[in-house]
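Read the structure below first, then the notes.
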Amino acid sequence: MNGISFEVPKNVAQAKELQEELRKELEFCTYDGDWRYICGVDVAYSKGSRVGVAAAMVLGSNLAIEDNSVAMMDVNFPYVPGYLSFREIPVILEALKGLEVEPDIFIVDGQGLAHPRGIGLGCHLGLILGKPTLGVAKSLLVGEFEEPEFVYGDWRPLLYKGNTVGRVVRTRDWAKPVFVSPGHLIDQEGAYNVVMNTLHRYRLPEPTRLAHLLAERTKRESRKKKK
DNA sequence: GCGACAG
DNA sequence: ATCTTGTCGC
């Protein structure tokens, strides 16, 4: 069950056209939550954002690490809000090639549906992989919401242009909420459940949190090795 | 024209 | 996101 291939847009205008086209392919279905391996992805940057370091962390249902992989490569596309996927997907795909275990579902560090054109990094990656994917962002890109209660697990719908595009979730007492939205082959309730089931004692779910640490550590080690 | 703006 | 040491607090 493979997905589409990654196309490289020449500029932001082309990227926008591509997103509007890909948006039609997204499928938000109910998710049974029945995964064996879940993969978190994150990208760190060095050399003034010229080089990207992607990390993929695969966890089992007990949240124990089952596999991981990293990749580093020059990043071409600039960071433009709303077009993050064109900047991060190439190096992410490279990292995923190094996995020996095949994940059932993916969590991305960024938005899914909660995006200006309804196709954030989580959605785009999901289409390419052809697997359930969701986004968990640390800050808002688009939408409006009411403050969730300051209690673990509480949430409020994230509204954008009259539609609910995700959930603003309090993943820890008193901590800033995170923005959860479906990417592909999953719905809002499913995405919320996956996040709640992969939280440990931190604000971010373990797959993404550990992928972030791995990417940071890899970057740190490689910059000292080169100089 | 003025702000907002994932990582 | 990145550049960066120590420091306050659970």
Side-chain angles (χ1 to χ4, degrees), chain A residues 12 15-16 19 22-23 26 40-57 70-95 106-127 133-145 150 152 158-161 165-169 171-184 188 191 195 200-205 207-224 226-227:
Chain A
V12 172
K16 182 177 181 182
Q19 287 183 325
L22 294 177
R23 175 66 180 79
L26 290 175
V41 229
D42 185 46
V43 180
Y45 297 92
S46 61
K47 284 288 182 180
S49 293
R50 306 172 66 78
V51 177
V53 179
M57 189 63 89
V70 296
M72 187 179 308
M73 60 183 265
D74 288 358
V75 172
N76 302 308
F77 213 85
Y79 170 65
V80 181
Y83 301 88
L84 182 64
S85 61
F86 299 99
R87 178 174 172 74
E88 304 201 330
I89 284 184
V91 65
I92 287 176
L93 293 179
E94 200 55 37
F106 295 79
I107 300 188
V108 137
D109 189 336
Q111 312 288 352
L113 216 208
H115 173 280
R117 286 165 295 286
I119 178 162
L121 172 61
C123 301
H124 200 153
L125 184 64
L127 283 172
T133 306
L134 61 120
V136 176
K138 301 182 292 300
S139 61
L140 181 70
L141 175 58
V142 296
E144 308 168 338
F145 64 95
F150 289 76
Y152 166 87
L158 176 58
L159 308 172
Y160 182 57
K161 292 183 174 177
V165 296
R167 295 184 177 184
V168 183
V169 185
T171 51
R172 249 199 110 174
D173 289 359
W174 304 112
K176 281 177 46 181
V178 297
F179 303 82
V180 179
S181 58
H184 186 44
Q188 302 190 14
V195 170
H200 184 40
R201 61 210 264 234
Y202 299 90
R203 179 183 173 228
L204 298 178
T208 294
R209 190 181 74 83
L210 295 177
H212 178 74
L213 292 178
L214 177 57
E216 285 296 323
R217 184 167 62 78
T218 303
K219 179 184 69 176
R220 177 156 43 75
E221 294 177 346
S222 74
R223 71 177 173 184
K224 188 170 186 178
K226 193 167 186 176
K227 184 174 183 179

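The sequence lines fix the lettering, A, B, ..., with proteins before strands; numbering per chain opens at 1.
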Phosphate OP1/OP2 of [N]: any [X] side-chain N/O under 4.0 Å:
{"X": "Lys47(A)", "N": "dT2(C)", "result": "no"}
{"X": "Tyr45(A)", "N": "dG7(B)", "result": "no"}
{"X": "Ser46(A)", "N": "dT2(C)", "result": "no"}
{"X": "Lys219(A)", "N": "dA1(C)", "result": "no"}
{"X": "Lys138(A)", "N": "dA6(B)", "result": "no"}

So which nucleotide from dA1(C), dA6(B), dG7(B) ends up closest to the side chain of Asp109(A)? dG7(B)
May I ask you to say what [X] touches in the nucleic acid, namely base, sugar-phosphate or nothing, with a heavy-atom cut-off under 4.0 Å?
{"X": "Gly82(A)", "answer": "base"}
{"X": "Ala44(A)", "answer": "sugar-phosphate"}
{"X": "Leu140(A)", "answer": "sugar-phosphate"}

Classify the ring geometry between Phe86(A) and Phe77(A) as parallel (under 30°), tilted (30 to 60°) or perpendicular (over 60°). tilted
Mind calculating the distance between [atom1] ([X]) and [atom2] ([N]) to the nearest angstrom?
{"X": "Glu216(A)", "N": "dG7(B)", "atom1": "CD", "atom2": "P", "value": "13 Å"}
{"X": "Arg87(A)", "N": "dC5(B)", "atom1": "CZ", "atom2": "P", "value": "19 Å"}
{"X": "Tyr160(A)", "N": "dC5(B)", "atom1": "OH", "atom2": "P", "value": "12 Å"}
{"X": "Arg220(A)", "N": "dT2(C)", "atom1": "CZ", "atom2": "P", "value": "12 Å"}
{"X": "Tyr83(A)", "N": "dC5(B)", "atom1": "OH", "atom2": "P", "value": "17 Å"}
{"X": "Leu84(A)", "N": "dA4(B)", "atom1": "CG", "atom2": "C1'", "value": "16 Å"}
{"X": "Phe77(A)", "N": "dA6(B)", "atom1": "CZ", "atom2": "C1'", "value": "14 Å"}
{"X": "Arg209(A)", "N": "dG7(B)", "atom1": "CZ", "atom2": "C1'", "value": "19 Å"}

Are Arg87(A) and Leu121(A) packed together at the side-chain level, in the sense that at least one heavy-atom pair is separated by less than 4.5 angstrom? no
Does some side-chain heavy atom of Leu204(A) sit less than 4.5 Å from a side-chain heavy atom of Thr171(A)? no
Can you list the stems that include DNA chain B, where a stem is three or more consecutive Watson-Crick or G-U pairs with distances under 3.5 Å? none
Which one of Ile107(A), Thr133(A), Leu125(A) satisfies the side chain to side chain contact (heavy atoms under 4.5 Å, CB included) criterion with Val41(A)? Leu125(A)
Would you check if the side chain of Arg172(A) reaches a backbone N or O of Tyr202(A) as a donor-acceptor pair within less than 3.5 Å? no
Kindly indicate, with the supporting measurements, whether the criterion ring pair (Phe, Tyr, Trp, His ring centres under 6.0 Å) is fulfilled by Phe179(A) and Phe145(A). CA-CA 10 Å; Phe179(A) 303 82; Phe145(A) 64 95; 5.5 Å; yes
Check this for me, if you would: do Glu221(A) and Arg217(A) make a salt bridge, where the nitrogen-to-carboxylate-oxygen distance has to be below 4.0 angstrom? yes
